[in-house]
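This report concerns only the one structure given below.
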Amino acid sequence: MKSETKPPIFFDYNRKDIDTNTLINLYRGMLKPRMIEEKMLILLRQGKVSKWFSGIGQEAISIGVAAVLDKDEYILPMHRNLGVFTMREIPLHRLFSQWQGKANGFTKGRDRSFHFGTQEFNIVGMISHLGPQFGVADGIALANKLKQNNKVCAVFTGEGGSSEGDIHEALNVASVWQLPVLFCIENNGYGLSTPTNEQYNCENLADRGKGYGMESHIIEGNNVLEVYTKLKSLVDSMRSNPRPILLEFKTFRMRGHEEASGTKYVPVDLIDEWGMRDPLLNFENFLIAEEVISEADIQKFKDEFKQEIDENLDIAFAEPEIESSETNELNDVYKSFNYQEVSVNSKKENIRLIDAISQGLKQAMERHDNLVIMGQDVAEYGGVFKITEGFVAQFGKERVRNTPICESAIVSAAMGLSISGFKAVVEMQFADFVTSGFNPIINYLAKSHYRWSENADVVVRMPCGAGVGAGPFHSQTNEAWFTHTPGLKVVYPAFPYDAKGLLATSIEDPNPVMFFEHKALYRSIRQEVPTDYYTLPLGKASLIKEGKDVTIITYGAGVHWALETLEANTEVNADLIDLRTLVPLDTEAIYQSVKKTGKVIILQEDSLFGGIASDISALIMENCFEYLDAPVQRVASMETPIPFAANLEKTYLPKEKFKIFLLKLLSY
Ligand SMILES: Cc1ncc(C[n+]2csc(CCOP(=O)(O)OP(=O)(O)O)c2C)c(N)n1
């Protein structure tokens, strides 16, 4: 009788051979996030929670995907996938604490909403920038493939996010490498206020699969049985035949982008039309009609969830506001790393900087069998500078991977590898091209440990620098972009011995390291270097000349310019400090020398303004002012892009100017 008063069942549900338990689990799976959301909407109106991104009406997708994947298979959800978190049985009070910025959440109050992951539940949450998430899934899938564990992972985006370049890159990589990723696009009609016809110009997003050479399917996203059955068969087949699959779930966003932004721009009939397809109510009606559950069962489930939600909310509300201390905050920017000194007495050989880097990398590959190198042309070709020449023969193509030209996806994939217990070295073909991978470096690698305690065990190798007549796009030394970003370490050796030992440590260090290699020094600087593996500590400068009248602080090519200047001007009695690493910075070595000499000149190859020389200058002013006998002098390149012609490049670079400023400072 009662079911007659219910709306008709919109979907032609096909139960196939799904057992009753599974049917009930799917129903309960959708009911729980719906009830949590309804409660959140009330709390939002009461001002007890801040922003809320609603997934009401889209629950069947999260639930179907989470129901099909094993608990140890990673899921990378977005902001409307509450069901993924509840299906993984995260205690609700921890979710509530997360949303209230409390200590029992997953980010110690450092990030909001669903911007977190948890290894405990094999979930890797989004970053606001959306796109890099697909590349991270590539990395996790690559790890699964290398482990040959027949696992898949699933990653989500909206149709809006699917316009981002990172997404295209990641889909292409997954197809080229045949990575077992379930790429899920939830096409819910709007990206904030932008309707699909202003977002893309093709019939279905799934059609793009053809362009990537990837299997793709369209799924009725509000029909939980269709989602579940299709996914089950696809995932089963992916496990035995690893490959990526692109899925477009047709669904609808029933509420505003977030609650405050409303739905004024959405035609009312569209909301009514999709209201008829509500995934929860339709399935409920179906289960009642099929006599799988009764009205009484539904009430029982609702009572049970209400109690669970209320009890857990009480726990979260009772939790005090998070305490804040500068020490706690600073301590979590990096994963702690217990530096192990490996020193050697092995025989030495006279090698070039480039050989030292190649040797260091090769020995790290021998030492860490979980280390993977990725980069353009790094495999058989050996990279454009030949650093990885011969590596494929020794380590195989699985660990020395040629990549398509897609820096963002590869940096993101390196993050995914790290999440799965691997180490990654990414070679930028030229440091200049890092701009195309900037977003995941700055927002993913650098911030993850602070946000949710997940380190990025990644080294990005950066062949950089001028002096080779390579013009504006192959000559930059862009370390300042990274020294400014908390969470990254920045290493910049000037000599073969340092380069080899510091690269070894950078790879040992579980934090993201930007490793700068000056191209002009690659083949011009030689040194006696131990042939065996050894490490050198990060954050220790080297005092390579001692004097009493002036302190010269520099790094990279600057060290060699300073040395040349000192050789040509033997009357200058200087301390010469090669910083070797910029983050962490050896301030102690700097202050000690400045306090002795009273005069300091900082030489930097990069353009002056906003470079690290400015910060070092400020530190000296703040910490050594009383010891100074002259203003701190910075010398750097001109404020122009780097020109190509040799004469222009010479004018641009600070080498000539350095001598003039040095002598002027000495006579101050
Ligand atoms: C790089 C970047 N650009 C813009 C935004 C702002 N933004 C966040 S979500 C969103 C809409 C996303 O739409 P869609 O991917 O369709 O997902 P939906 O919200 O509809 O589920 C926008 C524009 C962002 N977070 N990151």
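Heavy-atom basis, side chains included; hydrogens, waters and symmetry copies ignored. Note that ligands are numbered from 1 as they come in the structure, with each ligand's atoms numbered from 1 the same way.
From the protein, the heavy atom lying nearest to atom 18 (P) of ligand 1 is R80 NE, 3.4 Å. G161 N, 2.7 Å is the protein heavy atom nearest to atom 15 (O) of ligand 1. The single protein non-hydrogen atom nearest to atom 16 (O) of ligand 1 is G160 N, 2.8 Å, given as residue, atom name and distance. Nearest non-hydrogen protein atom to atom 17 (O) of ligand 1 is G158 CA, 3.7 Å. The protein non-hydrogen atom at the shortest distance from atom 25 (N) of ligand 1 is S128 O, 2.7 Å.
Between D332 and R110 there is a salt bridge, since a side-chain N of the basic residue sits under 4.0 Å from a carboxylate O of the acidic one. Under the 4.0 Å criterion applied to side-chain N and carboxylate O atoms, R80 and E186 are not assigned as salt-bridge partners.
Per-atom contact check: atom 10 (C) of ligand 1 touches the protein, criterion being a heavy-atom distance below 4.0 Å. Atom 4 (C) of ligand 1 is never approached by the protein to below 4.0 angstrom, counting heavy atoms only.
Atom CZ in F482 sits 10.5 Å away from atom CG in L445 (nearest 0.5 Å). For the atom pair I642 CD1 and D432 CG, the distance stands at 7.0 Å (nearest 0.5 Å).
Selection from G256, S163, G191 by nearest heavy atom to atom 12 (C) of ligand 1 gives G191. Around atom 8 (C) of ligand 1, the closest heavy atom drawn from H257, H129, E258 belongs to H257. Ranked by closest heavy atom to atom 23 (C) of ligand 1, the top entry among L192, I167, T251 is L192.
The environment of L330 atom CG is dense: over 12 non-hydrogen atoms of other residues, nucleotides or ligands sit within 6.0 angstrom. Counted within 6.0 Å of CZ on R112, heavy atoms from surrounding residues, nucleotides or ligands total 12 or fewer; the atom is thus considered open.
At a 4.0 Å heavy-atom cut-off, ligand 1 touches H79 through the side chain alone. The backbone of Y190, and not its side chain, has at least one atom closer than 4.0 Å to an atom of ligand 1 (non-hydrogen atoms only; backbone = N, CA, C, O).
Between N222 and T251, the side chains place a donor N or O and an acceptor N or O closer than 3.5 Å (distance only, hydrogens not considered).
The cationic atom of R28 (NZ for Lys, CZ for Arg) lies less than 6.0 Å from the six-membered ring centre of F301 and within 45° of the ring axis. Annotation: cation-pi pair K489/Y334 present, NZ/CZ under 6.0 Å from the ring centroid and within 45° of its normal.
Taking distance alone, with nitrogen or oxygen atoms compared against 3.5 Å, N188 approaches ligand 1 more closely than that limit. The shortest N or O to N or O distance between E164 and ligand 1 is not under 3.5 Å.
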